[in-house]
2 protein chains.
Amino acid sequence: MEQKPDRISAPARREQILEAAARVFGELGYAGATTDKVARAAGISQPYVVRLFGTKDQLFVEVLERTGERVLRAFDEAIEASDDAATVQARVGAAYVELVQTDRGVLLSLMQGFILGHDPHIGPVARRGFMRIYDRLRTVMEPEEAMRFIAQGMLINTLIASGLMAEFQQGQNVHELLACAFGDKLGLVLDGMAADR
Amino acid sequence: MEQKPDRISAPARREQILEAAARVFGELGYAGATTDKVARAAGISQPYVVRLFGTKDQLFVEVLERTGERVLRAFDEAIEASDDAATVQARVGAAYVELVQTDRGVLLSLMQGFILGHDPHIGPVARRGFMRIYDRLRTVMEPEEAMRFIAQGMLINTLIASGLMAEFQQGQNVHELLACAFGDKLGLVLDGMAADR
DNA sequence: GTATGTGGTAATCGACTGATTACTTGACGC
DNA sequence: GCGTCAAGTAATCAGTCGATTACCACATAC
């Protein structure tokens, strides 16, 4: 509840803004989000957001790059942690679900970027990020495996973004689909969703 | 090139607008699209779009419902056409890819709706449309099959929306992923993409 | 103390957008 | 001919948003 105008260094403030922006962009999409909403989510004024990032475009691009690297890092750690080649797929899958649970905005921002491929600034960054993730998966999976893995990831993103996760109790098939998509991690994720309500 | 103000009946005009809106919303997203862009794409003035649909919200909702039913109809036809239970999955998959090829805006509008689940008007419609498609798949597939199927559909949507289809020649892995996701239908789809350039 | 640089905001501007209003044009019944 | 209704538009309004400008507060150096 501090309302003191606590001054932080510009780089630290950038981090705060990027984190808030990931949530806002993830929820509202690029066009639907405003620099003012990002600013309020970060606890500062709108002009300062623009000054630190130059443009709404550039802010979103930086969010995209940041989130893409976050996914890559999580995958790398999961890959490194699994010495057995047979367990690597389960580990990487678990890493993705964990990322979903702890930082929903990350995945949703990525998703928002993917479906803006037509944009001359955002499109190239989104495509490159997507392919970097696929390439990383291919270092430990066959093409068919990697395709199915990333497909399931897109489904998970869609389930979260559409708000179907919060309707898991409505309709038998909703719960069935969620259970099928998340496997034994479903309970975990549902708890995570309920937590930040 | 006709610039005569050809008058059509209001219901027919609504169809034109809905078709144009599916393309515009699919390309730019809900917030990114404007009623004026839809109007120009349909060859009429912006106020008339608003008058026929009341609200941008309602126009998008109607597009969503329309496109959802289009997918359902395509699936139903594919299911009906396949007497053998073993071939039904391939047939439904082919129906989806064909839908992608002939009417890209349909799938992209759906996708745009899915990731706007937070919106109080759009969210419920999108979720209901999504689950109706899943339910239909479940009449001919096991849960695991249906989940994988719809996951691959989400991947295909993402690949198209991100613009990766147009970059199939850049990077070996891009082509590999596309080939893996579309199977033997890849050539067909790429031709379809190149056609409406 | 005063100059200087850094973190930050209030006020505002111009462009855009969804919606409204008032108007025009033409077909059809009588 | 004339009233009426449907199809459609030009003009415009009110709100929003990204960006700019001009300013403030406070530290630290000298």
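Sequence lines set the chain letters: A, B, ... in the order given, protein chains first and strands last, and positions in each chain run from 1.
Note on B:Glu144 versus B:Arg148: salt bridge recorded, some NZ/NE/NH1/NH2 to OD/OE distance being below 4.0 Å. Residues A:Arg66 and A:Glu19 are not paired through a salt bridge, judged by the lack of any N-O separation under 4.0 Å between the basic side chain and the carboxylate.
The distance between atom CD of A:Glu15 and atom P of C:dG7, rounded to the nearest whole Å, is 14 Å. One can place CD1 of B:Ile17 at 14 Å from P of C:dG18, the figure rounded to the nearest angstrom. As a whole-Å value, the separation of B:Tyr48 OH from D:dG8 P is 4 Å. In this structure, CG of A:Asp6 is placed 8 Å from P of C:dG8, rounded to the nearest angstrom. In this entry the distance linking CG of A:Leu28 with P of D:dC17 reads 10 Å, nearest Å. Separating the CZ atom of B:Phe53 from the P atom of C:dT20 is a distance of 16 Å, rounded to the nearest angstrom. Atom C1' of nucleotide C:dT17 and atom NZ of B:Lys37 are separated by 10 Å, given to the nearest angstrom. Rounded to whole Å, the distance from CG on B:Leu52 to C1' on D:dT9 is 13 Å.
Scanning both residues, A:Met193 and A:Arg104, for their nearest heavy atoms gives SD-CD, 3.6 Å.
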Table of protein N/O atoms under 3.5 Å from nucleotides 24-26 of chain C N/O atoms:
from	atom 1	to	atom 2	distance (Å)
C:dT25	O2	B:Arg7	NH1	3.2

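Every residue meeting the salt bridge (charged side-chain N to carboxylate O under 4.0 Å, His left out) condition with B:Glu167, not counting sequence neighbours, appears here in chain and number order: A:Arg127.
When the side-chain nitrogen and oxygen atoms of A:Arg13 are compared with OP1 and OP2 of C:dG7, none of them lie within a distance under 4.0 Å.
Within the 3.5 Å criterion, the main-chain N or O of B:Asp76 finds no donor-acceptor partner in the side chain of B:Arg73. Formation of a donor-acceptor pair under 3.5 Å by the A:Asp119 side chain with backbone atoms of A:Ile122 is found in this model. Listed for the A:Arg40 side chain is no donor-acceptor partner under 3.5 Å among the backbone atoms of A:Gly43.
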* To do: Could you run through nucleotides 18-24 of chain D and give me one letter per nucleotide, 5' to 3': B if any protein heavy atom sits under 4.0 Å from the base, S if only the sugar-phosphate is that close, - if neither?
  => BBB----
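Between B:Phe75 and B:Phe149, the ring planes lie perpendicular to each other; the angle is over 60°, past the 30° to 60° tilted range. Between B:Phe114 and B:Phe130, the ring planes are perpendicular. Angles over 60° get that label, and only those under 30° would be called parallel.
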